[in-house]
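These notes are about the structure you will find just below.
Side chains are part of it too, since the values below use all heavy atoms of this structure and drop only hydrogens, waters and symmetry mates. Note that the numbering runs from 1 along the sequence shown for the chain.
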Amino acid sequence: MSSASWHARIACGGEAGAGFLVSERHVLTCAHVVRDSARAPVAVSFPHREDLGEVTAAVCAHGGWDGRSDDLGDLAVLELEHTVPLRPAEFAAPEEAYAEPRPRLLVYGFPKGYREGTLAEYRATAAQRIADEWVQLEAWSAHGQPLAPGFSGSAATLADSNRVVGMVSAASRAAGGVRNGRMLPTSVMARYWPPLGDLIPTPGHQRTAKERLRALVERAAAAGVAGDPERLYRDAVGPFDPPVPPGGFGSLWSAAWYVLSEVDDPDVVTRLADRLAMQLETATSPGGPAGIAGTAGSAGPAPGELPVWSPILVEIDHSGAGDDQFLVEVSAYREGLRHPVGSGTVAASHVRSYVQERVDDAFSHLTPGTDELLAFVLPRALLNWPVAQWECGADDPTPLGCSYPLVVTDRSRRKGGLRHRLARQWEQLDGRATTVLHRVECGTREKPNKLRFRLRQDGADLAGFAAPPRADRAGPDADVTHFDVSLTVPVPMLLWPRTGCEDAEHHRDDMGCQGSDFLDRLAAHLDGHRPAELPRTIMSLRESADAADEPDKHWARDVQLLWDDPRCFPDAPPAHRHSPVA
């Protein structure tokens, strides 16, 4: 019986249950067994070593169980007040519980009348988990000890080796006298307490790689680095491996453990660890961001740091098959290569939903440690499309422009000569501490060639228009012509209100102008913001407008930003989705 001396009896308040020793000072049990630990002492005893007496313990970790019988996380880790001279339990690989023929499982509990404990025999009904949390247990035979109060927290062990595969958490008596219960498999228990992951075998993964990954997760926790576990996971496994489980990951560790316990490819562990190490280096280096860059809710680079954009490119153009048909292609840039996500000819009424779905898929290709940038490449006639107001998805009404830095750019600007000049200008802009607004007033009388000269002489970085670039205005289409000039000079950034003044003939000194007010407010807001961070600055403006009491009346409600840094969108050929040989 010395090999089973790690079985423990737990007493707390009026509750009695079971547990098992996993280190010289830690015992695992169900959270509901010690639900009264805040008001009553927790006493741990070991039936096979009565000479040790009762050892006082405290709850040092908790799975998050909230008191309901069907709530998740019914796990508590007890820390003994002193070490005990016992050999801890050993663990089997989780899948051994479901081998065929189904192995007999022993559980050692303390029901009423059995203070010294008693055994019950069960087996796992199937490998499939209930609510991704529990495995169903069924009685090994119609006779023998049923599960009853006092078995909660019992280790479920393989009868032939006494190695642990789970912990009993519930019991029920079904109609007809068929006895069953539930256990937390060890793979689920490790989600809630990371040190357990070191004890559970994970066939196919080297121990050194496993230990490195957990050490990195611990470093991230100690450094206070908050990341996006779902994106980190998708980046490591790629688009074709197991998807993120329902409900996502509550922590970096849960993502790491999911890779170790659910993903067969050992290279994924290495990729996940490498990416986490890179993000940690970025986040903890002097002057680096306080959290992992490129995650949802990130505050962005620290002052003085330039954003490292990781673009998702949405290219939309007329298909030639009719005014209601568009060619749409979504791709993501990673390490200078374009990774296609989806492309097709789409009816005008379905462009928005097509883009929403593909953009969501594109995030799995982005480089960790960078800031996402959503860029729409549009023909000139569509540059005023309200893409920033499109919802994130069918279940998320948040505007895209409030969720991500979002910009548009002119398809014609992707030509060699223009791109070369833009890249040269951006090298100069990187050294500027603020963005200078060059105004183009509503109804301006400045000739287009004079505007071209002014913008070129000043080395303009941002042209701000008081009115949208419409082609349906009466008269000489002055705004459109000036807008075209700004695109071809070229000016790296253009800003305008998508809606605004409808009177092309009036001037600022004649009457008040909504567009001029827009430029006044914009100039004040941009002061002190560097050109490279303008997409994030405008996203903040859009969020403020969306949160206003009257969003439709906010001056920045319909701000449109054309932002074009060719260094973010290299002319590399897209990576192949499939092997051309295969």
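Taking a cutoff of 4.0 Å between a charged side-chain nitrogen and a carboxylate oxygen, Arg214 and Glu218 qualify as a salt bridge. A salt bridge links Glu391 to Arg352: at least one charged side-chain nitrogen sits closer than 4.0 Å to a carboxylate oxygen.
For the pair Arg35 (side chain) and His32 (backbone), a donor-acceptor distance under 3.5 Å is present. With hydrogens and angles disregarded, a donor-acceptor distance shorter than 3.5 Å links the side chain of Arg25 to the backbone of Leu80. A distance-only check finds a donor-acceptor pair linking the side chain of Lys210 to the backbone of Gly197 [under 3.5 Å]. Formation of a donor-acceptor pair under 3.5 Å by the Arg219 side chain with backbone atoms of Ala215 is not found in this model.
The ring-ring contact (aromatic ring centres under 6.0 Å, His included) check on Tyr354 picks up nothing, with sequence neighbours excluded. Remark: Glu133 pairs with Leu72, Leu184, Val188, Arg191, Tyr192 by the side-chain contact (heavy atoms from CB on, under 4.5 Å) rule, at least two apart or across chains. Residues satisfying the ring-ring contact (aromatic ring centres under 6.0 Å, His included) test with Trp193, not counting sequence neighbours, are His26. Here Glu24 pairs with Thr83 under the side-chain contact (heavy atoms from CB on, under 4.5 Å) rule; sequence neighbours left out. Asp360 is linked by a side chain to side chain donor-acceptor pair (under 3.5 Å) to nothing, counting only residues two or more places apart in sequence or in another chain. Contacts of Arg102 classified as side chain to side chain donor-acceptor pair (under 3.5 Å), with partners at least two apart in sequence or in another chain: Glu100. Phe151 is linked by a ring-ring contact (aromatic ring centres under 6.0 Å, His included) to nothing, counting only residues two or more places apart in sequence or in another chain. Considering only residues two or more places apart in sequence or on other chains, Ala375 meets the side-chain contact (heavy atoms from CB on, under 4.5 Å) condition with Leu313, Val407, Phe569. Every residue was checked against the ring-ring contact (aromatic ring centres under 6.0 Å, His included) condition with Trp140, not counting sequence neighbours, and none meets it. By the side chain to side chain donor-acceptor pair (under 3.5 Å) test, Arg212 pairs with Asp274, sequence neighbours left out.
Val135 approaches Ala126 most closely through the heavy-atom pair CG1-O, 3.6 Å. Of all the heavy atoms in Leu147 and Ala120, the pair that sits closest is CD2-CB, 4.4 Å. The two atoms that bring Ala155 and Val164 nearest to each other are CB-CG2, 4.1 Å, heavy atoms only. The two atoms that bring Leu272 and Ala256 nearest to each other are CD2-CA, 3.8 Å, heavy atoms only. Residues Ser187 and Pro94 approach most closely at CB-CG, 4.2 Å, considering heavy atoms. Here the closest heavy-atom approach between residue Tyr108 and residue Pro47 is recorded as OH-CB, 4.0 Å.
Residue Tyr98 qualifies as enclosed at atom OH: its count of foreign heavy atoms under 6.0 Å is above 12. Within a 6.0 Å sphere centred on CD of Glu116, other residues, nucleotides and ligands contribute more than 12 heavy atoms. More than 12 non-hydrogen atoms from other residues, nucleotides or ligands lie less than 6.0 angstrom from CZ of Arg104.
To the nearest 0.5 Å, the span separating OG1 on Thr157 from CG on Asp160 amounts to 9.5 Å. The CG atom of Leu28 sits 7.0 Å away from atom CE of Met167, with the distance rounded to the nearest 0.5 Å. Once rounded to the nearest 0.5 Å, the distance linking CD of Gln356 with CG of Leu400 reads 6.5 Å. One finds the OG atom of Ser152 at 11.5 Å from the CD1 atom of Ile10 (value rounded to the nearest 0.5 Å). To the nearest 0.5 angstrom, Tyr122 atom OH is 10.0 Å from Glu138 atom CD. Of the inter-residue distances, the one linking Arg536 atom CZ with Trp309 atom CH2 reads 4.5 Å to the nearest 0.5 angstrom.
Annotation: side chain of Val55 is in contact with side chain of Glu81 (closest heavy-atom distance under 4.5 Å). Within the 4.5 Å cutoff, the side chain of Pro85 has heavy atoms near those of the Leu52 side chain. Inter-residue side-chain proximity for Asp546 and Pro399 is flagged as met; some heavy-atom pair is nearer than 4.5 Å. For the pair Leu21 and Phe46, the minimum side-chain heavy-atom distance is below 4.5 Å. Leu196 places none of its side-chain heavy atoms less than 4.5 Å from the side chain of Trp257. Proximity of Phe91 to Ile200: side-chain heavy atoms (C-beta onward) are separated by under 4.5 Å at one or more points. Using a 4.5 Å cut-off on side-chain heavy atoms (C-beta onward), Val59 and Leu78 make contact. The shortest side-chain heavy-atom distance between Val314 and Arg358 does not fall under the 4.5 Å cut-off.
Applying the side chain to side chain donor-acceptor pair (under 3.5 Å) test to every pair with at least one member in residues 50-62, sequence neighbours left out, gives these pairs: Arg49-Asp51.
By the 30° and 60° cut-offs, the orientation of the rings of Phe363 relative to Tyr404 is tilted.
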Candidate pair Leu86 and Trp6, rule side-chain contact (heavy atoms from CB on, under 4.5 Å), full reasoning: CA-CA 7 Å; Leu86 298 175; Trp6 44 259; 5.6 Å; no

Val27 and Val22: CA distance, side-chain angles, deciding distance, side-chain contact (heavy atoms from CB on, under 4.5 Å) verdict: CA-CA 6 Å; Val27 172; Val22 295; over 6 Å; no

Criterion side-chain contact (heavy atoms from CB on, under 4.5 Å) on Val263 and Tyr233, from CA distance to verdict: CA-CA 11 Å; Val263 180; Tyr233 171 81; 3.9 Å; yes

Show which side-chain atoms of residues 37-44 pair as donor or acceptor with protein atoms under 3.5 Å away, not counting sequence neighbours.
| from | atom 1 | to | atom 2 | distance (Å) |
| --- | --- | --- | --- | --- |
| Ser37 | OG | Val34 | O | 3.2 |
| Arg39 | NH2 | Asp36 | OD1 | 2.6 |

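Residue Leu213 forms a side chain to side chain contact (heavy atoms under 4.5 Å, CB included) with just one option from Thr270, Leu252, Leu260, and that option is Leu260.
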